[in-house]
Engineer: 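Please read through the structure below; I'll follow up with questions.
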Amino acid sequence: MPELPEAETIRRQLEEEVVGARLQRLTIHVGRVAREQGSEAELRALTEGRSIEGVGRRGKAVLLFLDGRQPVTLIIRLGMTGLVRLVDRREPQDKATAATLELNDGRDLRFLDQRQFGSLTARPGHDPDAMPEFSHYGPEPFSEEFDLEYLKSALARRTAKLGVVLMDQQFVAGIGKIYSDEILFQAGLRPGRSAKSLTGPMRERLWRAIREVLAKGIERHGSSARDETFRDIRGVPGRFQECFYVYQRTGEPCRVCGTPIRRTPLPGGRGMHWCPTCQK
DNA sequence: AGTTGGACCTGACTGC
DNA sequence: TGCAGTCAGGTCCAAC
């Protein structure tokens, strides 16, 4: 699942490769990909002919900053299975290709999306916080705003389970199933514990784990385990799955204490993985 | 308002 | 071998 580390991997690579290139033509192959925009024609009208000034990220979304008298941002939401590939135009098209962005240098930026949960949307301006997609988003985990004081006040009113709150983009942006499981293991906290039950030292462990686990995920270019199909823009898989302590390790011995890893359904239907001995 | 469950989507996997 | 059923989870929406 593309979460913050996968989106940041794509952002960094695109920043090196496509800044300065012009987006000549945008072709939609799967209509659903433009559903947030309303119409494919509007998406094309807002983006075609503009140059890419920069590449950003908000939570799990990759942002292409396009130039013009009235600048535009193309929001790439990866959903569950979204991939961005940068290829020579002569490269054969994968059947999962949902949209093609033709650049003026002979390359294609292709958006692949097996399960069609992803989307492309163009919004005016370059400030993500002014866009409806992100209006409810909490702070970025690596921002100054995301400090212990914020954590304390944001958790105080939450009766929901930690595993749920960590994945709530309103609490902090960018965390999904994989990294919430791994973060809670590193913090030594059970995903089923209520968010507001944390003591000061526990909050500090959680804060540190959020930053460390996400940073390690970025460093390893994201997770590409089992059915996680993540690849970077050149088609290379990430390596964070080699660092998994609990995610998708149900029944396997904990790497720290040997206790079999448990899997418990979370409100919302997702399963959380955790070690009954290491996590309290 | 915060929390919860269902819907969307399709490839991979399980069981008979 | 085949086919129905289940699972995976990011995000939105309706209902408590």
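Note on naming: letters A, B, ... go to the chains in the order of the sequence lines (proteins, then strands), and numbering restarts at 1 for each one. Computation of the quantities below employed the complete heavy-atom set of this structure, encompassing side-chain atoms and omitting hydrogens, waters and symmetry-equivalent molecules.
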Engineer: Between atom CZ of A:R123 and atom CZ of A:F134, what is the distance when rounded to the nearest 0.5 Å?
Structural biologist: 9.5 Å
Engineer: Looking at residues 154-167 of chain A, who's got a heavy atom less than 4.0 Å off DNA chain C?
Structural biologist: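 The answer is A:M167.
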Engineer: Taking 4.0 Å as the cut-off, does a side-chain nitrogen or oxygen of A:R263 come that near to OP1 or OP2 on C:dC7?
Structural biologist: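 Result: no.
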Engineer: With respect to the phosphate group of B:dC8, does any side-chain polar atom (N or O) of A:R32 fall under 4.0 Å of OP1 or OP2?
Structural biologist: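 For A:R32, the contact criterion (side-chain N or O under 4.0 Å from OP1 or OP2 of B:dC8) is not met.
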Engineer: Take the protein atom NE2 of A:H273 and the nucleotide atom C1' of C:dA8, then report the distance between them rounded to whole Å.
Structural biologist: 10 Å
Engineer: It should be established whether A:Q116 places a side-chain nitrogen or oxygen under 4.0 Å from OP1 or OP2 of nucleotide B:dT10.
Structural biologist: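 True: A:Q116 side-chain N/O within range (under 4.0 Å) of B:dT10 OP1/OP2.
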Engineer: For C:dG9, does either OP1 or OP2 sit under 4.0 Å from a side-chain N or O belonging to A:Y247?
Structural biologist: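 So the side-chain polar atoms of A:Y247 do come within 4.0 Å of the phosphate oxygens OP1 or OP2 of C:dG9, strictly under.
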Engineer: Do the side-chain N and O atoms of A:Q186 and A:E212 include a donor-acceptor pair separated by under 3.5 angstrom?
Structural biologist: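 The criterion, which ignores hydrogens and geometry beyond distance, is satisfied for A:E212 and A:Q186.
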Engineer: May I have the distance from A:Q170 (atom CD) to C:dC12 (atom P), rounded to whole angstrom?
Structural biologist: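 Answer to the nearest Å: 12 Å.
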Engineer: Check every atom of C:dT11, C:dG9, B:dT4 against the side chain of A:M80 and return the nucleotide holding the closest atom.
Structural biologist: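 Between C:dT11, C:dG9, B:dT4, the one nearest the side chain of A:M80 would be C:dG9.
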Engineer: Just how far is it from atom OG1 of A:T47 to atom CD of A:Q37, taken to the nearest 0.5 Å?
Structural biologist: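 So the OG1 of A:T47 and the CD of A:Q37 are separated by 8.0 Å.
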Engineer: Using a strict 4.0 Å threshold on nitrogen-to-oxygen distance, state whether A:E17 and A:R107 make a salt bridge.
Structural biologist: yes
Engineer: With a 4.0 Å cut-off, would you call A:R12 and A:E15 a salt bridge?
Structural biologist: no
Engineer: Mind checking A:R35 for me? I need base, sugar-phosphate or nothing, with any heavy atom below 4.0 Å counting as a touch.
Structural biologist: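 Answer is nothing: A:R35 stays at 4.0 Å or more from every strand.
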Engineer: Please give, in whole Å, the distance from B:dG5 P to A:D168 CG?
Structural biologist: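 Atom CG in A:D168 sits about 15 Å away from atom P in B:dG5.
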Engineer: Using a cut-off of strictly less than 4.0 Å, decide whether A:R77 has a side-chain nitrogen or oxygen near OP1 or OP2 of C:dT11.
Structural biologist: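 Yes, A:R77 has a side-chain N/O under 4.0 Å of OP1/OP2 on C:dT11.
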Engineer: Whole-Å distance between C:dG10 P and A:F171 CZ?
Structural biologist: 16 Å
Engineer: Would you kindly compare A:R270 and A:K95 by the position of their nearest DNA chain B nucleotide and give the one closer to the 5′ end?
Structural biologist: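 Looking at the nearest nucleotide for each, A:R270 comes out on the 5' side.
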Engineer: What integer distance in Å separates A:F230:CZ from C:dG9:P?
Structural biologist: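 My rounded result for the distance is 17 Å.
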Engineer: Answer yes if the side chains of A:E144 and A:Y150 hold a donor-acceptor pair under 3.5 Å, and no otherwise.
Structural biologist: no
Engineer: Would you say the side-chain atoms of A:D113 and A:T81 include a donor-acceptor pair closer than 3.5 Å?
Structural biologist: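 Yes - a donor-acceptor pair under 3.5 Å links their side chains.
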Engineer: Would you mind reading off the distance between A:Q114 atom CD and B:dG11 atom P, rounded to a whole angstrom?
Structural biologist: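 Rounded to the whole Å, the gap is 5 Å.
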Engineer: CZ of A:R115 versus C1' of C:dG10: gap in Å, rounded?
Structural biologist: 11 Å
Engineer: Could you identify which residues of residues 127-140 of chain A place a heavy atom less than 4.0 Å from some atom of DNA chain B, listed by residue number, or say none?
Structural biologist: none
Engineer: Between A:R85 and A:E91, is there a salt bridge with N-O shorter than 4.0 Å?
Structural biologist: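 Looking at A:E91 and A:R85, the cut-off is not met.
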Engineer: Got a salt bridge between A:R11 and A:E8, using NZ or NE/NH1/NH2 to carboxylate O under 4.0 Å?
Structural biologist: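 Yes, this pair counts.
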Engineer: Rounded to the nearest 0.5 Å, what separates atom CG in A:L63 from atom CZ in A:R77?
Structural biologist: 10.0 Å
